[in-house]
Protein chains: 2
Amino acid sequence: MRAIQKSPRVIAREQTRPPGSLPGKAPKVTPKFSALAEDEPDAGLGLALGPLPGYLGYPLRRAQIAVFEDFMLAAGSVGLRPGQFSTLVVIGANPGSKQTDVASALGIQGTNFVAMINQLEERGLVERRVFDRRTYALHLTDDGRKLMEAGVALQEAQEASYEEILGPGGRQILLGLLARLTAGLDARKAGRR
Amino acid sequence: MRAIQKSPRVIAREQTRPPGSLPGKAPKVTPKFSALAEDEPDAGLGLALGPLPGYLGYPLRRAQIAVFEDFMLAAGSVGLRPGQFSTLVVIGANPGSKQTDVASALGIQGTNFVAMINQLEERGLVERRVFDRRTYALHLTDDGRKLMEAGVALQEAQEASYEEILGPGGRQILLGLLARLTAGLDARKAGRR
DNA sequence: TGATTGTATTATAGATCATAACAATTATAC
DNA sequence: GTATAATTGTTATGATCTATAATACAATCA
């Protein structure tokens, strides 16, 4: 509780609070006067999320987190994070590419991509070869290719399990809708520019 | 290019590289020995993404980023980030809730939720009232409610535009598939535990 | 009473992401 | 052919987001 530790910051916050609202005794009886949970499944434990589940951003975010966690549980055994895995896949599909191109294909800022390649190179998975005097050509090492292929195998299994969850064809429909949404939003953004 | 700046780190990396591959002078004549485009770098601009677009995690991530950017462009005018907006919505739907419950409803770790509430409280959008001596009850201030409602109005407009992009019913189907996927993965994770 | 659990907090560290500045190279314009 | 611009990779920095560990205190229960 905040009032306990009395750090300066805490004290400052307390001082700005109307005195009437910080009595030691609280009305424990207070019935969640909201109880607006009339339209929520809610299951007693969780709170009502209001309109959030109907706003695409929220379920998208939750699904993305869930899938990433799932990936980490499965592919964590090969020691790859999602971003690293996709980097290996793209380099594997385009050997000799420049850092700039790989980064932009993945939607990663070039400036942040440097650290990623550094890590992968230090782990002996990726090689920087000279392309011209200002450019590197990226290649997978043998270890990198092995790890990438192991990740692909794991990922294929994951996709099969997603198909189980989503029913026959559901996964394909989801992929199509996601691609359409991303393309539409990217186009809108490009139009604004 | 890395060989240019010669920071200690750079030198260290170069030293660990097989001598044959680190000539100080780049073989300008060397016909980009890469060009190994075993499968062509394709399409001039974008690189091949290999199997990535067929793996749910990747399009999910891209879509989530695109939607979040879209939200920031629209709701940025009211100065709310997605996480802050959803926090306001949940508090508004459940006035008097404990921090713990709001955080877990949103899937945010309690320890990270503290900073979020600090910010919202400092901006005068959220109030911490005493619930009992170790617990705070969260409420929206008048300003907080106004901002939340403004965000909801903006978000409703966004959803309409998503429906345009996804075609009639497409948005609803997408919502359903995302919810099913998240629920399925959460159940699987819970089962593993 | 003493041990356990609940609630909020701080500190810390890692990953992610964006911006700015910079160095060297290459490409282009005049 | 030289001056200028655009590319390419890098570093540095700061803001977010996230996860873990440790702490302080309160409430509950055997």
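Every chain is numbered from 1, with letters handed out A, B, ... down the list of sequences.
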Who pairs with [X] by side-chain contact (heavy atoms from CB on, under 4.5 Å), at least two apart in sequence or on another chain?
{"X": "A:T100", "answer": "none"}
{"X": "A:R61", "answer": "A:Q64, A:I65, B:Q64, B:F68"}
{"X": "B:P53", "answer": "B:L49"}
{"X": "B:R145", "answer": "B:L140, B:M148, B:E149"}

Flag for B:Y55-A:E156: side-chain donor and acceptor within less than 3.5 Å |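 On atom types as modelled, these side chains qualify, holding a pair under 3.5 Å.
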Nucleotide N/O to protein N/O under 3.5 Å, stretch nucleotides 1-3 of chain D:
none

Sequence neighbours excluded - ring pair (Phe, Tyr, Trp, His ring centres under 6.0 Å) pairs with any residue from residues 84-130 of chain A |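 Ring pair (Phe, Tyr, Trp, His ring centres under 6.0 Å) check on residues 84-130 of chain A returns A:F71-A:F85.
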With sequence neighbours excluded, what pairs up with B:E69 under the salt bridge (charged side-chain N to carboxylate O under 4.0 Å, His left out) test?
->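 Salt bridge (charged side-chain N to carboxylate O under 4.0 Å, His left out) check on B:E69 returns A:K189.
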Pairs flagged by salt bridge (Lys or Arg N to Asp or Glu O under 4.0 Å) wherever residues 71-98 of chain A is involved - sequence neighbours left out |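 For residues 71-98 of chain A: none.
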Sequence neighbours left out, what pairs pass salt bridge (Lys or Arg N to Asp or Glu O under 4.0 Å) with at least one residue falling in residues 160-171 of chain B?
->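 Qualifying pairs, neighbours excluded: B:E159-B:R171, B:E163-B:R171.
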Distances under 3.5 Å only, N/O to N/O: pair up the protein atoms with those of nucleotides 5-7 of chain D.
{"from": "D:dT7", "atom 1": "O2", "to": "A:R134", "atom 2": "NH1", "distance (Å)": "2.6"}

Sub-3.5 Å pairs of nitrogen or oxygen atoms, protein against nucleotides 13-16 of chain D:
{"from": "D:dT16", "atom 1": "O3'", "to": "B:R81", "atom 2": "NH2", "distance (Å)": "3.4"}

How would you list all residue pairs meeting side chain to side chain donor-acceptor pair (under 3.5 Å) that involve residues 107-116 of chain A, not counting sequence neighbours?
->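 Pairs touching residues 107-116 of chain A that pass the test: none.
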